[in-house]
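In what follows, a structure is listed as structure tokens, so that the remarks can point back to it.
Please read all numbers here as calculations on a predicted model, not as lab measurements. Proteins get letters first, then strands, A, B, ... in listed order; numbering begins at 1 in each.
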Protein chains: 2
Amino acid sequence: MAADHTRSAILSAAERLYAARGFADVTMRDIVTAANVNLSAVNYHFGSKDELIAELFVTRSLVTNRERLQELKAAESAGDGRAAIDDIFTALVGPTLRGCLGPGKQRSDAARFMIRASIESVAPIRKIKNREVDHLRRFAAAIRRALPDHDPADIFWSIHFALAMAHQTIRDTERLDKLSDGACDTDDVAAIVTRIVGVSVLMLTHRARPVRTATGR
Amino acid sequence: MAADHTRSAILSAAERLYAARGFADVTMRDIVTAANVNLSAVNYHFGSKDELIAELFVTRSLVTNRERLQELKAAESAGDGRAAIDDIFTALVGPTLRGCLGPGKQRSDAARFMIRASIESVAPIRKIKNREVDHLRRFAAAIRRALPDHDPADIFWSIHFALAMAHQTIRDTERLDKLSDGACDTDDVAAIVTRIVGVSVLMLTHRARPVRTATGR
DNA sequence: GATAGTTTCATACAAGCGTTTTAATTGCAA
DNA sequence: TTGCAATTAAAACGCTTGTATGAAACTATC
């Protein structure tokens with residue numbers, strides 16, 4: 001009864017380790033050591049390593065998607081059924097970014113775990129991941145309502161790129177820190193969200209004309 | 001002498017497998033089977049698995065960086081020392097995108113391998129990867145020459161995001177294909193390059209004002 | 001407080017990994 | 001051909017992996 005302490009200890013230890021080091025590097029012995037439980041506990045409570053990963057992924061998917069949809073719905077009701085594009089993109093990339101980045105750089109293992117899962121496509125996850133497309137469709141629909149005359153392809157591309165920028169920023173701020181020598185503040189999450197949202201909106205509201213700026217002096 | 005056939009067979013087989021399935025999933029036995037050589041050949045010719053990966057990565061890094069710098073220099077000399085921003089970004093993301101995508105979806109294992117390496121940061125690669133920052137600095141400098149009055153941080157962010165969009169597009173076109181139901185042509189590499197370059201230029205040439213478009217009906 | 005049902009534990013297992021070892025084979029110079 | 005080094009081959013090594021086993025320690029119900 002009260003003894004599912006082991007279960008949750010495994011879950012949180014596994015999530016933390018997977019988020020930090022990826023699926024490939026983390027063994028079951030690493031997990032049970034970190035969770036201070038016996039080796040057999042994983043198999044007893046979850047069946048197998050893959051089922052543990054799957055359970056983590058499913059749980060976190062639901063949480064993340066719920067957060068995003070909540071923000072989206074709030075934006076839509078605030079806009080009387082038609083959300084502002086900024087708010088739509090903020091609802092899309094905000095939750096994950098806020099969950100992963102920040103001064104502590106480690107606020108939520110959950111969000112970091114989801115990024116890992118989206119990268120190291122391991123077998124038990126691949127099957128589940130198709131649902132994400134359905135989830136993203138709702139954001140595409142919301143944007144289409146906000147910009148009815150737009151080419152749908154542009155809208156899909158903007159979602160694709162917004163997620164790309166968010167994920168890359170979560171995954172590797174180190175390169176940007178080094179490259180910019182600190183000029184880019186990768187701790188200011190709100191500014192990062194604003195920046196990514198700004199770019200995403202920009203690429204939708206400006207037609208992609210073949211610009212040719214500042215050719216030679 | 002002429003017997004380095006084995007060596008190159010291993011190299012190309014390893015590159016192809018790593019590019020397709022990642023470092024974690026590919027074993028040495030997979031490699032030697034694909035290369036039709038004996039298991040010991042890898043250790044004999046390269047010393048260890050890590051050294052094989054490192055050699056692949058170093059070789060391909062040099063090639064990729066050379067391609068990008070060639071395009072950059074060509075753009076700079078065409079612009080009389082100051083390249084057009086479009087051309088700078090094209091030099092940055094073009095070679096990798098062209099190498100990875102295309103109708104065959106498998107044109108170059110080399111480029112795909114580099115994407116893998118940039119994601120699954122494995123031990124032997126991590127040490128070498130710091131050089132990439134120096135390489136990217138040259139593009140930052142080129143952009144600063146093209147836009148002397150710009151905030152350097154914006155320039156670094158634009159490079160960061162341009163690479164993010166390119167890598168994500170290479171890594172996972174499947175989700176976009178499904179989401180857009182084919183409306184986004186992920187085979188038209190030239191259009192993708194143009195699109196990414198366009199967005200990158202856009203975010204530099206438009207100040208990131210706090211846009212609030214289409215709020216409400 | 002004995003008993004049935006869970007949960008933990010130590011241990012063992014088979015399979016797969018990268019690497020090593022040792023012998024056989026090859027290619028070429030003398 | 002003979003001799004010698006370079007290469008390939010076959011087998012086994014030690015180690016780690018995920019999983020399975022059966023006994024021990026709990027927990028709750030009667």
Legend entry - Atom pair distance, as rounded to whole Å: CD1 in A/Ile31 and P in D/dG18: 8 Å
Inset, instruction - Give the ring-plane orientation class for B/Phe161 versus B/Trp157, where under 30° counts as parallel, over 60° as perpendicular and anything between as tilted. - result: tilted
Inset, instruction - Send over the distance from A/Asn36 CG to C/dA10 P, rounded to a whole Å. - result: 12 Å
Legend entry - Distance-only polar pair, side chains of A/Ser48 and A/Asp50, donor-acceptor under 3.5 Å: no
Inset, instruction - Can you tell me the distance, in whole Å, between the CG atom of A/Asp25 and the P atom of D/dG18? - result: 11 Å
Legend entry - Short side-chain N/O contact from B/Thr6 to OP1 or OP2 of D/dT7, under 4.0 Å: no
Legend entry - Of B/Ser40 and A/Asn43, the one whose closest DNA chain D nucleotide lies more 5': B/Ser40
Inset, instruction - Report the distance from atom OH of A/Tyr44 to atom C1' of D/dG18, rounded to the nearest whole Å. - result: 19 Å
Inset, instruction - Provide, to the nearest angstrom, the distance between the CG atom belonging to A/Leu39 and the C1' atom belonging to D/dT21. - result: 12 Å
Legend entry - Protein-nucleotide distance (A/Asp30, atom CG; D/dG18, atom C1'), rounded to Å: 13 Å
Legend entry - Distance below 4.0 Å between A/His45 side-chain N/O and C/dT6 OP1 or OP2: no
Legend entry - Distance in angstrom units between B/Arg7 CZ and D/dT7 P, rounded: 10 Å
Legend entry - Length of the line joining A/Asn38:CG and C/dT8:C1', which is rounded to integer Å: 6 Å
Legend entry - Presence of donor-acceptor pair under 3.5 Å, side chain of B/Arg29 and base of C/dG16: no
Legend entry - Under-4.0 Å salt bridge between B/Arg137 and B/Asp134: yes
Inset, instruction - Indicate the ring-plane relationship of B/Phe113 and B/Phe23, choosing parallel, tilted or perpendicular according to the 30° and 60° boundaries. - result: perpendicular
